[in-house]
Amino acid sequence: MAAPQDAGQDEETRAAVFAPSPAVSVSVEAVREAPSEDVTEVHFHAAGQGFWVGRMMRRLGVTVTLCAVVGGETGTVLRCLIEAERLELRGVHSELWNGVYVQDRREGDREVIVETFSAPLRRHDLDALYT
């Protein structure tokens, strides 16, 4: 007698994550293995609670659709960073910008150099996002 199959065994697990204002994170770090202590690396990452939840779910094998507003130069960068993490982006394009923060971590502690917040969403952007 064959064992019964799990109901979701052959189905893909999918989730949608609502992330209205993801941001770009830029980290400046010293290269520890470098022959000289003057070697610096710059790292770019997508950031924000919604993105981080979606990324963790993706690493657990879930196919994730991230619903977010992206705009301005930071939005262009965010699209690439989000897609590089293999998240599907259902992005509402806006003329406004996403937030960004730059941290200097060369001394070991996080020193915030610059932090800008996403622009407040306009009514039409909100309507498109919730749709």
Side-chain angles (χ1 to χ4, degrees):
M1 177 176 214
Q5 283 188 336
D6 287 341
Q9 184 176 0
D10 295 328
E11 296 177 17
E12 179 181 37
T13 304
R14 298 187 57 86
V17 176
F18 181 72
S21 57
V24 174
S25 167
V26 181
S27 298
V28 180
E29 299 183 6
V31 178
R32 302 285 180 227
E33 299 83 33
S36 164
E37 293 191 26
D38 294 339
V39 178
T40 300
E41 289 183 337
V42 178
H43 299 275
F44 296 86
H45 300 281
Q49 292 298 321
F51 168 74
W52 290 323
V53 167
R55 183 180 64 183
M56 181 57 66
M57 293 172 71
R58 180 69 195 127
R59 290 189 178 165
L60 293 171
V62 177
T63 299
V64 177
T65 301
L66 192 70
C67 303
V69 174
V70 290
E73 291 178 2
T74 49
T76 302
V77 172
L78 267 172
R79 282 186 183 278
C80 296
L81 294 172
I82 290 169
E83 291 170 358
E85 291 285 347
R86 298 184 311 138
L87 299 172
E88 178 186 335
L89 177 62
R90 289 285 174 100
V92 173
H93 177 75
S94 174
E95 297 302 317
L96 304 172
W97 62 91
N98 291 86
V100 62
Y101 59 91
V102 179
Q103 299 177 357
D104 187 339
R105 301 170 78 175
R106 289 176 287 186
E107 301 297 322
D109 293 328
R110 295 178 186 188
E111 177 187 345
V112 177
I113 298 171
V114 173
E115 183 173 17
T116 63
F117 297 99
S118 298
L121 298 177
R122 296 179 183 147
R123 183 178 61 86
H124 295 294
D125 295 331
L126 286 169
D127 289 346
L129 178 62
Y130 285 105
T131 301

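Sequence positions, counted from 1, serve as the residue numbers for this chain. Just so you know, these numbers use all the heavy atoms, side chains as well, and skip hydrogens, waters and symmetry mates.
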Problem - Donor-acceptor pair, side chain of Ser27 and main chain of Gln103, under 3.5 angstrom - result: no
Problem - Nearest heavy atoms of Thr65 and Arg14, plus distance in Å - result: OG1-NH2, 3.3 Å
Exercise for the section: Identify, with sequence neighbours excluded, every residue that meets side chain to side chain contact (heavy atoms under 4.5 Å, CB included) alongside Val77. Expected result: Val24, Leu81
Exercise for the section: Taking all heavy atoms of Ser25 and all of Ala47, pick out the closest pair and write down the distance. Expected result: CB-CB, 4.0 Å
Practice task
Treating Ile, Leu, Val, Met, Phe, Trp and Tyr as nodes and any side-chain heavy-atom pair under 4.5 angstrom as an edge, say whether Val100 and Ile113 lie in one connected cluster.
Solution key: yes
Handout entry: Rounded distance (nearest 0.5 Å) linking atom CG of Leu89 with atom CZ of Phe51
Key = 10.5 Å
Completion exercise
Residues at least two apart in sequence or cross-chain that pass side chain to side chain contact (heavy atoms under 4.5 Å, CB included) with Ala16, listed by chain then number, are none
Exercise for the section: Treating Ile, Leu, Val, Met, Phe, Trp and Tyr as nodes and any side-chain heavy-atom pair under 4.5 angstrom as an edge, say whether Val53 and Val62 lie in one connected cluster. Expected result: yes
Exercise for the section: Report yes or no: do Leu87 and Leu60 belong to one cluster of Ile/Leu/Val/Met/Phe/Trp/Tyr joined by side chain heavy-atom distances under 4.5 Å? Expected result: no
Problem - Shortest non-hydrogen contact between Ser118 and Pro22, atoms and distance - result: OG-O, 3.9 Å
Practice task
Taking all non-hydrogen atoms of both residues into account, name the closest pair between Gly54 and Val17 and its distance.
Solution key: CA-CG2, 4.0 Å
Handout entry: Qualifying side-chain hydrogen bond (donor to acceptor under 3.5 Å, both in side chains) pairs, either residue in residues 43-52, two or more places apart
Key = Glu41-His43
Handout entry: Inter-residue atom distance Leu66.CG - Arg55.CZ, 0.5 Å rounding
Key = 12.0 Å
Practice task
May I ask whether Leu121 and Val70 are part of the same hydrophobic cluster, defined by side-chain heavy atoms of I, L, V, M, F, W, Y residues being less than 4.5 angstrom apart, directly or through others?
Solution key: no
Problem - Non-neighbouring partners of Thr63 that pass side chain to side chain donor-acceptor pair (under 3.5 Å), sequence neighbours left out - result: Glu12
Exercise for the section: Tell me, please, which residues at least two apart from Val92 pass side chain to side chain contact (heavy atoms under 4.5 Å, CB included). Expected result: Val69, Ala128, Leu129
Problem - With sequence neighbours excluded, residues passing ring-ring contact (aromatic ring centres under 6.0 Å, His included) with Phe18 - result: Tyr130
Handout entry: Leu78 to Ala23 - nearest heavy-atom pair and separation
Key = CD2-O, 3.2 Å
Problem - Shared hydrophobic cluster, Val42 / Val31 (ILVMFWY, side-chain heavy atoms < 4.5 Å) - result: no
Completion exercise
Correct closest heavy-atom pair for Leu96 and Pro120 would be CD1-O, 3.1 Å
Practice task
Kindly state each residue pair satisfying salt bridge (Lys or Arg N to Asp or Glu O under 4.0 Å) with at least one member in residues 95-105, sequence neighbours excluded.
Solution key: Glu29-Arg105, Asp104-Arg106
Fill in the blank from the handout: Here the salt bridge (Lys or Arg N to Asp or Glu O under 4.0 Å) pairs for residues 117-131, sequence neighbours left out, are Arg123-Asp127
Exercise for the section: Kindly state each residue pair satisfying salt bridge (Lys or Arg N to Asp or Glu O under 4.0 Å) with at least one member in residues 60-85, sequence neighbours excluded. Expected result: Arg59-Glu85
Exercise for the section: Give every residue pair that meets the ring-ring contact (aromatic ring centres under 6.0 Å, His included) criterion with at least one member in residues 73-101, sequence neighbours excluded. Expected result: none
